[in-house]
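Written out below as structure tokens is the structure these notes cover.
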Amino acid sequence: MSEIIQSSKLTSAPAQPDVRLVKMAEFGAGGRSTLGISLATAAAILAAWWAVSHLGLVPHLFLPRPDEVVRQVGNIYRDGYAGASLADHVSASLFRIVVAALIATTAGIPLGLLMGLSRWAKGILDTPIEFYWPLPPLSYLPLMIIWLGIGETSKITLLVLAMFAPICLSAQAGVRSLPLERVNAARALGASRLQLFLHIVLPSALPEILTGIRIALGVGWGTLVAAELIASTRGIGYMIMSASQFLATDVVFVGIGIIAACAFTFSALVRAAEALLVPWKGKL
Amino acid sequence: MLKVDHASVFFAARDGRTVHALDRVSFDIPDQGFVVALGASGCGKSTLLNAIAGFLPLSKGSITLDGRAVTGPGADRGVVFQKDALLPWKSVLDNVALGLTFAGIGRRERRERAEELLRLVGLADFAEAAPYELSGGMRQRVGIARALATDPGILLMDEPFGALDSLTREQMQELLISVWARTAKKVFFITHSIEEALLLGTHVLVMSPRPGRVVKRFDIDFVRRFVESGDTRPIKTAPEFSELREEIRAVLHEGENLRSAA
């Protein structure tokens, strides 16, 4: 505590402004903030886009101007695109990914915990998971369509399969990384098997589970757009696909922007959940 | 009374050979006794503690606490680990009250008893702190309070001060002795420091490796003087203290030499 107070005094009230503050040499990127650099890079990319499109260095068909893309957002918002409103497209995609995430989480967490706790569960479940998990979801999408049709079921099943494995494997890893001393301490305090699970195993595995959910959402967005590109009448992926058939690159840009915004929001939500649920992550 | 009777432990090593970790160890800890197991690493002292705690079954022999055979871990034996195994998601108070939670004791009583124990170890002001906000010595105090919460018959301490700096270590020794004097618990304490063993123990078991066994037992009473005066310096400089220290050092080295000759 006293160290913190002292060091904040040093930086907030420099009694000797001419003194040279030093610190240990860092290696690599170090721990300093990169926010300014990142914002400058974003601004540079936008400026380059604007310059290239205005000067006509690239045919307009390939690269719309930034202001056209912004205007197109307004147009699609007002008039919809490809037979559905913007809200329909976005909510169709969000519905699929949220439902799939809920199913994958409800199944993945208990099964993953079980795999961490029981040799039999691990032995049995490892085989199918290790077989299908490395496969690209698009490779078994045709099977999903043949078995389940082109409706919502096949898309959501595909998403569930893609998102289940990272959640399940991270829950398992969470149990396996549990230090034996923590378990023994609880046993020596008289914990029953159920108490051991609720008070020790579950909270210990929570940080890894949340990491797994974040990875799963990333995989989910990738898989979702791919699924909508192939068999769909609604969704952001479908919107991009039909726009590309009319060479409407500005609409493609709008679709990409929406996906980026959604994926970023989801990731930020999980990070907020991490800050709320496991503030102790990485400590002790 | 804790009674360890001809306790032997054999492990299977990774290469398939059998390791004789503990060889027919017998001793007992009378009520209010403070027994220190002293020895170099590999002498089986942690194995012995794990067996008493019930984490490890014996290959042969038996352990009984107040007449009941030890068959597994239980709240009648409080364990303090070398690396405190505190739960980072619980406050200091809830960590101390963990054993009471497991026993199904109500919230208010849990709080009262945990607060009392925190006062005993001098951490009353840190009840709501998170364990990772505390220093190493403070965390070990939480560990001691937690182990005492279920009112166990004996405290088992596995080199609890081994990772602390020497100043904190002396403070913790004083704290432990005052807690021991006030609660009148049996203690089984592991260390590789001869001085710590002499200062704290009523009985010192000098252990030797391969196979892990007790080579000599000393019954001493420096700790009584420690309790009375609360000051370690006159004890440590007393001639009988240094004599005994040299004698134990000789016993320990003898064990080492025998091993390297074999």
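So that the names make sense, note that chain A is the first sequence line, chain B the second, and so on, each numbered from 1. Just the heavy atoms: all of them, side chains too, but no hydrogens, waters or symmetry mates, feed the values below.
The greatest number of non-hydrogen atom pairs below 4.5 Å with chain B, out of A:V278, A:L206, A:I200, is found for A:I200. Interface remark: of the candidates A:S192, A:P279, A:P179, A:A185, A:A185 forms the most heavy-atom pairs closer than 4.5 Å to chain B. The candidate with the highest count of non-hydrogen atom pairs below 4.5 Å against chain A, out of B:G99, B:S135, B:A149, is B:G99. Ranking A:G190, A:A186, A:A188 against chain B, the residue ahead of the rest is A:A188, based on heavy-atom pairs under 4.5 Å.
Taking the charged nitrogens against the carboxylate oxygens, B:R113 and B:E109 do have a contact shorter than 4.0 Å, which makes a salt bridge. Using a cut-off of 4.0 Å between Lys/Arg side-chain N and Asp/Glu carboxylate O, B:R110 and B:D94 are scored as not salt-bridged.
Between B:W89 and A:W280, the ring planes lie tilted relative to each other; the angle falls in the 30° to 60° range.
Looking at B:T101, both its backbone and its side chain come within 4.5 Å of chain A, counting heavy atoms on both sides. For chain B, the nearby parts of A:S204 are the backbone and the side chain; heavy atoms of each come within less than 4.5 Å.
Annotation: A:W133 is not in aromatic contact with A:F164 [ring centroid separation under 6.0 Å not met].
A side-chain donor-acceptor contact under 3.5 Å links B:R141 to the backbone of B:V121.
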